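Written out below as structure tokens is the structure these notes cover.
For the numbers below, each heavy atom of this structure counts, side chains included, while hydrogens, waters and symmetry mates do not. Just so we're clear, the structure is a prediction, and the values are computed from it rather than from any experiment. In this chain, residues are counted from 1 in sequence order.
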Amino acid sequence: MMSLTDEAKKTAQAWVDENLERLTEWHTHIWQLAEPAWREYRSQQWYVERMREEGFEVEDGSAGMPTAFSATWSNGDGPTLLTYAEYDAVPGNSQAATTTEQPQGGTSRFAPGHTDPHSVLGISTLAGVLAAKHAMIKHGITGTIRYTGEPAEKMHGSKVVHGLRGYYDNVDGIVSFHPFYMLPLCNTARWDTQCGAYYSKVYTFSCDSAETWQVSSADPNSPIPASHSAARAPGANVALMQMYTSSRIMQDAMLPAAGGWSFSDAILSDGQATADNLPQRVARIQFSWRTPDIEMAEHVLAVLDRNAEHAAAMAHCELEDRWIARSRPGRTNHKMAEVLYDNLSAVGAPQYGADAVAVAQEVQRGLGLDPSEKPFLAETEQLIEPQEAERLLREHMPAWQRNWTSDDYVEMSHYAPTVRFYVSRPALQPVPGAGPYPAWVMNALGGIPATIAPTIQTTGKTIAGTFLDLFSKPELLAEAKREFDERVEAEPMPALLPADFEAPIDLPWPEYK
């Protein structure tokens, strides 16, 4: 005889199937908006309106972040479970949902586009939330669903702020999803090896006193600050270039080559005078670094802070530094991973039907390749148990390394038992001898309805089933909480930013199309 929970899961799965066309249309809308970090105004408003229409109480602009939100729906007393949406796109990656390389209509190829894609991250979790809600009402299952909108994930933007402001307090369990992006983490849950530390900082160089640069009484123009013939201060661009070159030159001296750490940069554009014959007044550079642990991140920070101080002095500038993000490594929870993977196993891996295969083959023909009978990467249609994925992952890592790659779900894992899981997004199997596919191919497949719908379908059903298990079986959350408490006691990791830290929404982040 089928249990109440099993009946509820069947109801939730049917809801996803019945609404898949509508969910896919929602995804296409978010995909086409393609708004970059901290500037996801229309995407966020779509979610706010949608959640209100679905009966949720919604805080628009939560924690002082205009493109964040927090939505809550309750069906009576019971646990509180949380999952979330992301919707930021990446500047410089505009790609239409087509089988050829071309930007979205009306945009430059340097405009933002969805690469991971976070568009399907949000719609897939939304599918799970709405399916679980539908089943809870029909079968009388009690509890509270919290759904947050998390902007600027690409720079670990909102989750650290939401955490510091208490939005994850009193939550009993958190489900974190991301479309697959690295093998062996495809159609599985993380086990022991979580994402590591992430630091990001903007260094601003300001040249506000150019007239005081080496004033000479021998120069008749020296009393005139704007003189075009007087010796002038180097200006902010010189400071920025000194910072950039010195930090890149010293990269090999920051940390040992082992450990899978990375270091990246972005130059923010504001205050530039279109190459006028004046010292540039302001220049900003952002450095972001991903490391397995906090100690390694602090070593990089020490080098950068020192470089910035000397670059500013050399170019006659003032220095201001500002944190963008400072995230701790994640906390494992085996019980949450077990519950999630049991539901993923019951649903099964995504399967790409005839329409999806035809799309993939058209891409191959356009690249001058013979179309494959089975064009999709084999792993995208297979499950892998978390423990086996962990074993394969560890084969490529030093024994001392505990964490790998970077994502800001890690901050959530310090507030409540959290599981991180992956469902495949469409990726093509390399053709022998042809080399890797261009990056635009994977981006495009993430926006084509026939190829992205299986991700929404599998993820939505998996999240709904996991929520229904956790709502219906209190012993599961009790065990997850015991494990969480034990891990916190064994290794305390306090927050790395102050409680009053504010999101850097006012900096000149890219907005262009």
Begin from the C-alpha positions of Thr83 and Ile174 and carry the test side chain to side chain contact (heavy atoms under 4.5 Å, CB included) through to its verdict.
-> CA-CA 6 Å; Thr83 189; Ile174 298 174; over 6 Å; no
Is it true that [Y] and [X] share a donor-acceptor pair across their side chains at a distance under 3.5 Å?
| X | Y | answer |
| --- | --- | --- |
| Asn187 | Glu381 | no |
| Thr67 | Glu40 | yes |
| Thr204 | Glu320 | no |
| Gln364 | Ser372 | yes |
| Glu57 | Thr72 | no |
| Arg42 | Gln45 | no |
| Tyr198 | Arg328 | no |
| Arg109 | Ser94 | no |
| Ser406 | His156 | yes |
| Thr462 | Asn343 | no |
| Ser74 | Thr144 | yes |
| Ser62 | Ser70 | no |

Spell out, as yes or no, whether a donor-acceptor pair under 3.5 Å connects the side chain of [X] to the backbone of [Y].
| X | Y | answer |
| --- | --- | --- |
| Thr188 | Leu185 | no |
| Asp172 | Thr80 | yes |
| Ser176 | Arg420 | no |
| Gln361 | Pro371 | no |
| Arg365 | Gly368 | no |
| Thr107 | Gln104 | yes |
| Trp31 | Pro117 | no |

Taking the inter-plane angle between the rings of [X] and [Y] on a 0 to 90° scale, is it parallel (under 30°), tilted (30 to 60°) or perpendicular (over 60°)?
| X | Y | value |
| --- | --- | --- |
| Phe263 | Phe287 | parallel |
| Tyr181 | His178 | perpendicular |
| Tyr199 | Trp323 | perpendicular |

Closest approach of [X] to [Y] (non-hydrogen atoms, all atoms of both residues):
| X | Y | answer |
| --- | --- | --- |
| Pro508 | Ser269 | CB-O, 3.7 Å |
| Arg146 | Tyr167 | NH1-O, 3.1 Å |
| Leu164 | Pro498 | CD1-O, 3.3 Å |
| Ser424 | Pro350 | OG-CG, 3.3 Å |
| Ala34 | Gly113 | CB-CA, 4.2 Å |
| Asp265 | Tyr244 | OD2-CE1, 3.4 Å |

State whether the number of non-hydrogen atoms from other residues, nucleotides or ligands found under 6.0 Å of [X] atom [atom1] is greater than 12.
| X | atom1 | result |
| --- | --- | --- |
| Asp169 | CG | yes |
| Glu21 | CD | no |
| Arg281 | CZ | no |
| Asp270 | CG | yes |
| Glu502 | CD | no |

Between Asp293 and Arg402, is a salt bridge (charged side-chain N to carboxylate O under 4.0 Å, His left out) present by the stated rule, with each step listed?
-> CA-CA 8 Å; Asp293 56 47; Arg402 296 175 54 195; over 6 Å; no
Please step through side chain to side chain contact (heavy atoms under 4.5 Å, CB included) for the pair Met412 and Leu82, ending with a clear verdict.
-> CA-CA 10 Å; Met412 290 179 153; Leu82 183 148; 3.7 Å; yes
Does the salt bridge (charged side-chain N to carboxylate O under 4.0 Å, His left out) test come out yes or no for Asp305 and Lys201, once each step is laid out?
-> CA-CA 10 Å; Asp305 281 354; Lys201 208 176 194 186; 2.9 Å; yes
How about Phe180 and Tyr422: are their ring centres within less than 6.0 Å of each other?
->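 No; Tyr422 has its ring centre 6.0 Å or more from that of Phe180.
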So, for Tyr87 and Tyr47, is the gap between ring centers shorter than 6.0 Å?
->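 Ring-ring flag for Tyr87/Tyr47: true, centres closer than 6.0 Å.
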Evaluate salt bridge (charged side-chain N to carboxylate O under 4.0 Å, His left out) for Glu25 paired with Arg22, printing each intermediate quantity in order.
-> CA-CA 5 Å; Glu25 290 173 355; Arg22 184 167 65 131; over 6 Å; no
Quiz item: cation-pi between Lys159 and Tyr84, 6.0 Å / 45° =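 Pair Lys159/Tyr84 counts as cation-pi.
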Derivation and outcome, salt bridge (charged side-chain N to carboxylate O under 4.0 Å, His left out), residues Asp407 and Lys154 | CA-CA 8 Å; Asp407 189 285; Lys154 285 297 183 182; over 6 Å; no
Can you spot which of Thr24, Leu23, Ile452 makes a side chain to side chain contact (heavy atoms under 4.5 Å, CB included) with Val120?
->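 The single option meeting the side chain to side chain contact (heavy atoms under 4.5 Å, CB included) with Val120 is Ile452.
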Take Gln286 and Leu268 through the side chain to side chain contact (heavy atoms under 4.5 Å, CB included) test and state the conclusion after the steps.
-> CA-CA 7 Å; Gln286 178 186 14; Leu268 280 63; 4.0 Å; yes
Using 4.0 Å as the upper bound for N to carboxylate O, is an ion pair formed by Glu53 and Arg50?
->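 Answer for the salt bridge query: yes.
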Does the pair Asp506/Arg322 count as a salt bridge with the N-to-O cut at 4.0 Å?
->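 Judged by the 4.0 Å cut-off on N to carboxylate O distance, Asp506 and Arg322 do form a salt bridge.
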